[in-house]
Amino acid sequence: DIQMTQSPSSLSASVGDRVTITCQASQDISNYLNWYQQKPGKAPKLLIYDASNLETGVPSRFSGSRSGTDFTFTISSLQPEDIATYYCQQYDNLPQTFGQGTKLEIK
Amino acid sequence: QVQLVQSGAEVKKPGASVKVSCEASGYTFTTYAMYWVRQAPGQRLEWMGWINPGNGDTKYSQKFQGRVTIARDTSASTAYMELSSLRSEDTAVYYCAREEGAYWGQGTLVTVSS
């Protein structure tokens, strides 16, 4: 199985801050990576697909990029409603696998 | 609009089986694969398997092979996930999701307790 190593596991930032989360795949997955936002008691919400494409209706402050097997998710200006846990997911190989999540809190 | 509606919460005893349903609406059910993911308390999301509703082909994670069965009823636009030989570690919220990840069910809490 492909391992997805996500960091950090938790992050505290202020409103307006730039926030970055990374995910490293254990092997090449091309661009087959999603980023999700999950709020307590809710299903994950797709934000970014194919590593860098913004899902329809998702604010443009969210973005994603890839460098080899390293993937980066960025919130350009943190908003209070962005408080959630964020996950990466690879869908290059089955079983699809997820990162361990990053819990984002407001400082 | 696309919706995936799952069946309600379940409480099961160890060794029992559970079957969770996922009814799709707002699109042609046979056009997109459906996968199942679970999330144990405080844990990461875990992919269990998926089904091609068009032809019924399935693929399971090796972790659940032999214990999980995913099926579909095209006449009801519904996918099913059955997990057998339940143990306490199977206590989790189970989700169905459409293959591209943009649409998810609301989740079904399965509690395994004696």
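Side chains are part of it too, since the values below use all heavy atoms of this structure and drop only hydrogens, waters and symmetry mates.
A single hydrophobic cluster is not seen to contain both A:Ile2 and A:Phe98; linkage of ILVMFWY side chains at heavy-atom distances under 4.5 Å, directly or through other members, places them apart. Residue A:Leu47 is grouped with residue A:Met4 when hydrophobic side chains (ILVMFWY) are merged at heavy-atom distances under 4.5 angstrom, including chains of intermediate members. Following chains of ILVMFWY side-chain contacts shorter than 4.5 Å, one can reach A:Ile21 starting from A:Ile106, so the two form part of one hydrophobic cluster. Hydrophobic clustering of Ile, Leu, Val, Met, Phe, Trp and Tyr side chains at less than 4.5 Å, counting indirect connections, keeps B:Ile51 apart from A:Leu94. By the rule that hydrophobic residues join a cluster once side-chain heavy atoms approach within less than 4.5 Å of another member, A:Leu33 and A:Phe62 end up as members of one cluster.
Along residues 17-31 of chain B, no residue comes nearer than 4.5 angstrom to chain A, judged on non-hydrogen atoms. When the heavy atoms of residues 83-90 of chain B are compared with those of chain A, none of the residues falls under 4.5 Å.
When each of A:Ala43, A:Pro44, A:Pro95, A:Gly99 is scored by its heavy-atom pairs under 4.5 Å with chain B, the top score falls to A:Pro44. The greatest number of non-hydrogen atom pairs below 4.5 Å with chain A, out of B:Gly101, B:Ala97, B:Gly49, B:Gly107, is found for B:Gly101.
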Side-chain donor-acceptor pairs of residues 69-76 of chain B under 3.5 Å, sequence neighbours excluded:
{"from": "B:Arg72", "atom 1": "NE", "to": "B:Pro53", "atom 2": "O", "distance (Å)": "3.0"}
{"from": "B:Asp73", "atom 1": "OD1", "to": "B:Ser75", "atom 2": "N", "distance (Å)": "3.0"}
{"from": "B:Asp73", "atom 1": "OD1", "to": "B:Ser75", "atom 2": "OG", "distance (Å)": "2.5"}
{"from": "B:Asp73", "atom 1": "OD1", "to": "B:Ala76", "atom 2": "N", "distance (Å)": "3.4"}

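Heavy atoms of B:Val37 lying under 4.5 Å from chain A belong exclusively to its side chain.
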Using only distance, no hydrogens or angles, which N or O donor-acceptor pairs sit under 3.5 Å between chain B and chain A?
{"from": "B:Tyr35", "atom 1": "OH", "to": "A:Tyr36", "atom 2": "OH", "distance (Å)": "3.4"}
{"from": "B:Tyr35", "atom 1": "OH", "to": "A:Gln89", "atom 2": "NE2", "distance (Å)": "3.3"}
{"from": "B:Gln39", "atom 1": "OE1", "to": "A:Gln38", "atom 2": "NE2", "distance (Å)": "2.9"}
{"from": "B:Gln39", "atom 1": "NE2", "to": "A:Gln38", "atom 2": "OE1", "distance (Å)": "3.0"}
{"from": "B:Gln39", "atom 1": "NE2", "to": "A:Tyr87", "atom 2": "OH", "distance (Å)": "3.1"}
{"from": "B:Arg44", "atom 1": "NH1", "to": "A:Phe98", "atom 2": "O", "distance (Å)": "2.8"}
{"from": "B:Tyr95", "atom 1": "OH", "to": "A:Gln38", "atom 2": "NE2", "distance (Å)": "3.4"}
{"from": "B:Tyr95", "atom 1": "OH", "to": "A:Lys42", "atom 2": "O", "distance (Å)": "3.2"}

